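Report on the structure given below.
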Amino acid sequence: MLKKLPLSWPRYIPAGLTLALGVGLSALTFTLVWNWEDRRRDYEMHRRIDDISIGIERQLNSDLDAVLALSDYMKAFSVVERSSFTSFVDRPLSVHPSLQMLAWAPRVPNLERPNYEAKARTETDPSFEITERGPGGELRKAGQRSEYFPAFYVEPTAGNETTLGFDLAGHPEIRVAIDRARDTGEMVVTSYVGLTQGNSPEPGLLAIVPIYENSTKPTTLESRRQRLQGFILGVFRGKDIFQTSLKGRNTDYLTIYLASEVPDKQQAPPLLPHAIDPVMKNLSADGKIQQFAVLFQSSSQQVLTASAGAKRQVKSNCPILDNPGPEYTACQRLLKISGRQWSLYVSATAEIRRTRKHWRSWGTLTLGMLWTLIPVTYMLTSLSRTAQIEKLAGERILQAEQLQTAYLQLELEQAKSEQLLLNVLPAAIVLRLKDKEQNIAESFGEVTVMFADIVGFTELSSRISATAVVQVLNDIFSAFDHLADRHGLEKIKTIGDAYMVVGGLPTARADHAEAIANMAIDMLHEIRLLSLNHSEPFSIRIGISTGPVVAGVIGLKKFIYDLWGDTVNIASRMESHGITGCIQVTAETYEILKDKYTFQKRGAIQIKGKGYMVTYLLTGKKDD
């Protein structure tokens, strides 16, 4: 084998200097071109966002001007006939594609309701009556109130039939908006709340303008309330607003967040006196005007109602690199909509990264490195022999293969170890142990704990072999384990022939009580199947309790993730004081589940260490 010839280090100086100079210049050029490309993209993105914001601002102002124009028309005449109303709104409806409906809702006192409905049946629809939404969203005759605001003129009629006669005061969310419009005398814009078709899933915008007697806005709050004649309504489809305003504009790979100004925290005084109204018991209203906040996804051309965290998420995905924190306003634009300030944010989807190729910078770097490597390679080739290079390459390949084999074996063993941990502890706790967290303990404000005990198992174990006892327990608890996995619950432990499971930890979930209830029902069904398979009359008692607990890992060897607290003790008492074949729950659990499940009240029973407690027996799910 050829031996490497000894070479003095000064002979490598020319190749080293050439390489260092070439790499340095190439890297410097690469950085400069890369930064130039980023600045160029930021400039182009700023122009795109400006263009988008201008289009949306113009469209919204134009749409809302149509509602204001109709309100001016209504103020100009003391009485506007239906034919005049229809003729006036015909052009706005044809010019504004996003305008779903324009309507006039007069003020009708309760004493005038019979005469008003009779007149409306003669002039408009023989079946006209003032309506409201029931608890399930169905239309029904409006209950007694001191006054009503029914939609009387509605254009276009097609597609908006259910709006005719609908009482604005009977809908809590619309009611808050018309209170604000009445008391301020200004147009109020709110999120579309299903005026035409119940709770419509498509986001939209509702504009409300008050109309007063004598066509002028009263100067005092009391006079505005007394002289109110009614309201002009404009309903706009959110999807059409974006599609019309963004037509011809580049929105590829972008998501647009649009929100009206945040409504004032102060609640408007109530329009109607607080009286017994069956509708209001079933409709929620927090006394605040709903903010119009939507997300437009350019990829699917869909408009979605923005969630509470949507704004923060959109701000974090700004496609402009020069976006200093903590405000991150590079992708924000403030719009002036009918004298109010709206916010618009633009974020980029993950696909936009595939379009951002720094081919100029990479091309510059590649070209510079090629011009550097050509002379350097020639110099190094002349200083080394081919045989020695091949030998070194072979040794490196062998070492790499050995390292790869060892690495794969290490990964396999690590996976086995992690699987063993996952069989003992929850996945979230395993991650914390891997992070070398010493004391794992935390409190949970509300979870649901369930204990299940096999009735008569002691007697069964006395008449069958030990192997059979273990086999029976394994079959039963394995079936329960599958149910726990199916419902996303956490098995804590088994104690003899008792089984303990919890919902709502280590990862919190809002439906922990429902998941436990579903598993308990399935366990009763599963134990009946096992009774048939084993030809044994198996039966279980189940106890459930909801409340706070403390959870953590205890022990140095054979450690366990366990729970402590009064909720655990009460769940155990619910099982031990329960009825065979039944699911006994506490009053706290019953209050959470009573709307979706059926119960039988057991009454107050003596509970060890707790005194008398009112308990319930869970009997099944309510029919949808």
Side-chain angles (χ1 to χ4, degrees), residues 43 45-73 75 92 95-100 102 177-178 180-181 183-192 203-210 217 231-251 254-266 268 288-296 298 303 305-306 310-312 314-315 318-320 323 327-347:
Y43 170 76
M45 185 56 66
H46 272 295
R47 294 189 60 182
R48 285 179 65 183
I49 296 175
D50 289 338
D51 187 42
I52 289 170
S53 62
I54 290 173
I56 293 177
E57 184 179 56
R58 289 176 178 173
Q59 183 63 38
L60 281 172
N61 280 318
S62 175
D63 288 343
L64 294 177
D65 282 345
V67 181
L68 293 174
L70 178 57
S71 69
D72 292 337
Y73 178 77
K75 294 174 183 177
V95 171
H96 299 273
S98 60
L99 186 55
Q100 180 178 345
L102 287 170
I178 63 176
R180 183 67 58 83
D183 290 345
T184 61
E186 304 292 339
M187 179 172 64
V188 170
V189 176
T190 181
S191 177
Y192 173 63
L205 183 147
L206 174 63
I208 302 173
V209 181
K217 175 183 173 182
F231 299 96
I232 292 295
L233 308 178
V235 176
F236 300 88
R237 290 178 288 267
K239 183 176 181 180
D240 291 339
I241 292 175
F242 282 95
Q243 290 183 342
T244 303
S245 60
L246 300 179
K247 185 177 181 180
R249 291 178 167 86
N250 184 8
T251 60
L254 298 181
T255 298
I256 302 172
Y257 172 88
L258 176 65
S260 61
E261 65 178 357
V262 179
D264 298 334
K265 296 183 178 179
Q266 181 179 0
K288 298 180 181 178
I289 298 177
Q290 284 195 350
Q291 182 187 25
F292 175 72
V294 294
L295 285 174
F296 174 75
S298 60
V303 176
T305 302
K311 180 179 178 181
R312 182 172 61 256
V314 169
K315 291 176 66 175
C318 177
I320 297 177
N323 186 24
E327 296 299 327
Y328 304 106
T329 58
C331 292
Q332 178 190 13
R333 297 295 185 271
L334 299 179
L335 311 183
K336 199 72 172 180
I337 307 298
S338 294
R340 305 294 179 87
Q341 182 171 284
W342 290 35
S343 298
L344 180 141
Y345 292 88
V346 175
S347 70

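What you are looking at is a predicted structure, and each value in this text was computed from that prediction instead of being measured.
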Check your understanding: Given Leu233, which of Ile208, Leu102, Leu70 fulfils the side-chain contact (heavy atoms from CB on, under 4.5 Å) condition?
Key -> Ile208
Check your understanding: Any idea which heavy atoms bring Leu99 and Arg237 closest together, and the distance?
Key -> O-NH2, 3.9 Å
Exercise for review: Heavy atoms only: give me the nearest Ser98-Asp240 pair and the separation to one decimal.
Suggested key: CA-CB, 3.5 Å
Check your understanding: Between Asp51 and Asn250, is any pair of side-chain heavy atoms under 4.5 Å apart?
Key -> no
**Study point:** Set of side-chain contact (heavy atoms from CB on, under 4.5 Å) partners for Ala259, sequence neighbours left out
**Key:** Tyr257, Gln291, Ala293
Practice item. State, yes or no, whether a side-chain contact exists between Gln332 and Lys311 at a heavy-atom distance under 4.5 Å. Key: no
**Study point:** Flag side-chain contact, heavy atom, 4.5 Å: Leu295 against Val303
**Key:** no
Exercise for review: Please examine the side chains of Ile56 and Ile337, heavy atoms only from C-beta on, and report whether any two atoms are closer than 4.5 Å.
Suggested key: no
Practice item. Please say whether more than 12 non-hydrogen atoms of neighbouring residues, nucleotides or ligands are located less than 6.0 Å from CZ in Arg312. Key: no
Point to revise | Nearest atoms (heavy-atom pairs only) where Phe236 meets Ile241 | key: CB-CD1, 3.8 Å
Review point. Taking Lys75 for the side chain and Lys217 for the main chain, is one N or O donor matched with an acceptor at less than 3.5 Å?
Key: no
Exercise for review: Measure the spacing between CD1 of Ile49 and CD1 of Ile54 and express it to the nearest 0.5 Å.
Suggested key: 12.0 Å
Review point. Going through the distances and angles, do Val294 and Leu205 end up as a side-chain contact (heavy atoms from CB on, under 4.5 Å)?
Key: CA-CA 10 Å; Val294 294; Leu205 183 147; over 6 Å; no
Check your understanding: Given the rule in the salt bridge (charged side-chain N to carboxylate O under 4.0 Å, His left out) test, do Glu57 and Arg333 qualify, once you have shown the distances and angles that lead to the verdict?
Key -> CA-CA 10 Å; Glu57 184 179 56; Arg333 297 295 185 271; over 6 Å; no
**Study point:** Beyond-backbone contact of Trp342 with Leu60, side-chain heavy atoms, under 4.5 angstrom
**Key:** yes
Study note, to complete from the structure: Rounded to the nearest 0.5 angstrom, the CZ-CG distance for Arg58 and Asp63 is 14.0 Å
Review point. Taking all atoms of both residues into account, what is the closest heavy-atom pair of Thr190 and Gln290, and its distance?
Key: OG1-O, 2.8 Å
Check your understanding: Taking all non-hydrogen atoms of both residues, which atom of Asn61 and which atom of Ser338 are closest, and how far apart?
Key -> OD1-N, 2.8 Å
Check your understanding: Could you state the interatomic distance from CG (Leu258) to CZ (Phe242), rounded to the nearest 0.5 Å?
Key -> 4.5 Å
Review point. Does a side-chain heavy-atom distance below 4.5 Å link Arg340 with Val189?
Key: no
Review point. Closest approach of Leu254 and Pro319, non-hydrogen atoms and distance?
Key: CD2-CG, 4.4 Å
**Study point:** Separation of Ser53 OG from Leu335 CG (nearest 0.5 Å)
**Key:** 6.0 Å
Review point. Heavy-atom distance under 4.5 Å between the side chains of Leu246 and Ile256, does that happen here?
Key: yes
**Study point:** Side chain to side chain, Ser298 and Phe296, heavy atoms closer than 4.5 Å
**Key:** yes
Check your understanding: What distance do Ile52 atom CD1 and Leu344 atom CG have between them, rounded to the nearest 0.5 Å?
Key -> 7.5 Å
Practice item. Quick one: do Ser347 and Lys315 satisfy side-chain contact (heavy atoms from CB on, under 4.5 Å)? Show the steps, please. Key: CA-CA 7 Å; Ser347 70; Lys315 291 176 66 175; over 6 Å; no
Review point. Within the distance-only criterion (no hydrogens, no angle test), does the side chain of Ser71 pair as donor or acceptor with the backbone N or O of Leu68 below 3.5 angstrom?
Key: yes
